[in-house]
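Convention: sequence-line order gives letters A, B, ...; per-chain numbering from 1.
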Amino acid sequence: MYDVSYICNLRKNAMSRYLVFSNSSEYTRVMAQNIVYIVSAGNYSDIYTCDNKKYTVLAQLGCIEKMITHQLDKKDQFLMRIGKCLIVNLLYVCYINPNRAHIILSDNRTFLFDNMNVESIKVSQEALKVLKEHFDNQKNNK
Amino acid sequence: MKDYDNIGDDEIRLIIPEGNSSIVRKWWFWVAVSVVVLAVILLVVWFNTREIESPGLISNPYAHLGAGMQQKAEPALPNIVLNQSACAVVSDTTINDIVLRVYTPQNATPELSMGAIDTADSNIVMAFQAADIRADNHQIVGDFILKGAIVSNGKSKKAFCAIIDGKTYIDNSESTPLLDEAIEKHGDFFRQYPLVINGNMCENKPKGKSIRYALCEKEGVIMVVSSVSRESFHDFAQALADFDVQQAIYLTGGNSYGFCRTEANQLISWGDASEWDDYAEGLNFIVWKSVCSGK
């Protein structure tokens with residue numbers, strides 16, 4: 001569907017860096033590479049990781065995007081904000097169908113998040129169309 | 001400031017990290033730090049070098065005499081204190097466990113004299129034996145100029161004191177134009193061992209311990225400093241350097257004779273004058289006379 005070398009490069013460049021969320025009562029540290037997607041839940045955000053775990057942190061999605069910007073390295077360009085409510089890890093995007101607003105995030109081995117089955121992943125058709133174009137452009141740029 | 005919530009439902013945005021915000025991870029930060037540290041080190045070295053080279057040196061009026069010629073030492077002027085009579089201010093200080101006695105003349109100018117001195121001469125504020133005398137022929141060791149007259153020649157001791165036109169120069173040089181200037185201008189000149197030159201202690205060959213005397217310049221003031229107890233050359237010179245003396249040359253030590261008049265007009269003398277007759281030929285002193293004496 002899209003250029004594998006783009007994902008390979010993303011994976012190669014992605015180092016074992018962590019996103020750290022800490023407040024007075026909790027400390028959460030997640031390896032950025034292992035985040036599958038992050039979904040907004042009001043003032044909270046739910047972080048879904050590739051070990052099928054969910055971590056809820058007290059931060060709005062914009063705040064998390066800012067933390068990603070500040071905590072990760074320039075090479076870690078594998079997280080994408082999609083609309084107001086979602087951040088996905090491009091490393092795990094394995095299926096996009098904009099017409100059906102369908103996206104599947106999976107490592108094809110241990111986990112699979114399908115927005116047809118998982119209610120939390122809400123993506124507009126238009127956003128998925130732009131996402132598909134993004135991958136297509138990467139392929140063409142190659 | 002970027003608004004991270006400014007995104008529509010139909011939009012996507014690749015999150016591009018700015019890199020670790022910690023400034024210490026940036027290579028240019030360390031380059032800048034290195035450059036600053038290097039600059040500071042160079043400045044410190046430059047200032048220290050300048051401080052070492054500057055004292056005792058002025059712009060060289062003798063440059064035309066040749067590149068190998070030593071520069072002229074900066075003169076020290078008499079310590080003039082208004083509304084006070086001529087006297088010697090005596091104080092003790094302890095440096096490195098060595099008690100130093102400091103004789104600072106006030107309202108008095110130095111000059112050399114030969115022969116026995118009269119302690120009854122109230123114009124003399126203080127007197128110390130200056131150049132060493134050889135035991136075999138009773139001649140003065142090294143160059144000795146008295147009021148422009150050559151009394152003795154020799155450079156076995158490299159440091160010198162020149163007194164020209166009321167200004168006192170102390171430095172360390174085998175070849176100095178001040179010797180000729182002292183002759184021309186009827187000044188005084190004698191040689192001794194260097195103890196401290198430009199703030200740095202000098203090593204000397206003579207060993208053993210003795211009462212030590214030194215003609216010193218400290219912060220532009222000429223003074224005599226003696227040890228109260230018997231000290232080695234090394235320890236005495238080190239104590240003078242630690243006392244922040246800029247220039248110091250030795251004066252005849254041991255049992256040499258000398259005296260001073262204090263602020264209370266009290267005459268204090270030390271040493272042994274009984275051998276003066278034996279050394280009458282070369283007996284010499286550096287004396288400070290009252291500026292009002294009309295010498």
Taking every non-hydrogen atom, the tightest pair across A:G62 and B:D5: CA-OD1, 3.1 Å
Nearest atoms (heavy-atom pairs only) where B:L14 meets A:Q77: CD1-O, 3.8 Å
Side chain to side chain donor-acceptor pair (under 3.5 Å) between B:D9 and A:S124, intermediate numbers included: CA-CA 7 Å; B:D9 279 329; A:S124 72; over 6 Å; no
Presence of salt bridge, B:R13 and A:E65, under 4.0 angstrom: yes
Over 12 non-hydrogen atoms of neighbours within 6.0 angstrom of NZ in B:K218: yes
Per-residue contact mode, A:I87 against chain B (heavy atom under 4.5 angstrom): side chain
Between A:C85, A:C63, A:G83, the one whose heavy-atom pairs under 4.5 Å with chain B are most numerous: A:G83
Nearest heavy-atom neighbours spanning A:I68 and B:P17: O-CB, 3.7 Å
B:K209, NZ atom: more than 12 neighbouring heavy atoms under 6.0 Å: no
Point-to-point distance, once rounded to the nearest 0.5 Å, from CD1 of B:I16 to NZ of A:K74: 11.0 Å
B:Y4 versus A:R81, closest heavy-atom pair with distance: O-NH1, 2.8 Å
Atom pair CD1/CG of B:I15 and A:N89 - distance to nearest 0.5 Å: 10.0 Å
Heavy-atom neighbours of B:D97 CG exceed 12 at 6.0 Å: no
Side-chain (A:T69) to main-chain (B:E18) donor-acceptor, under 3.5 angstrom: no
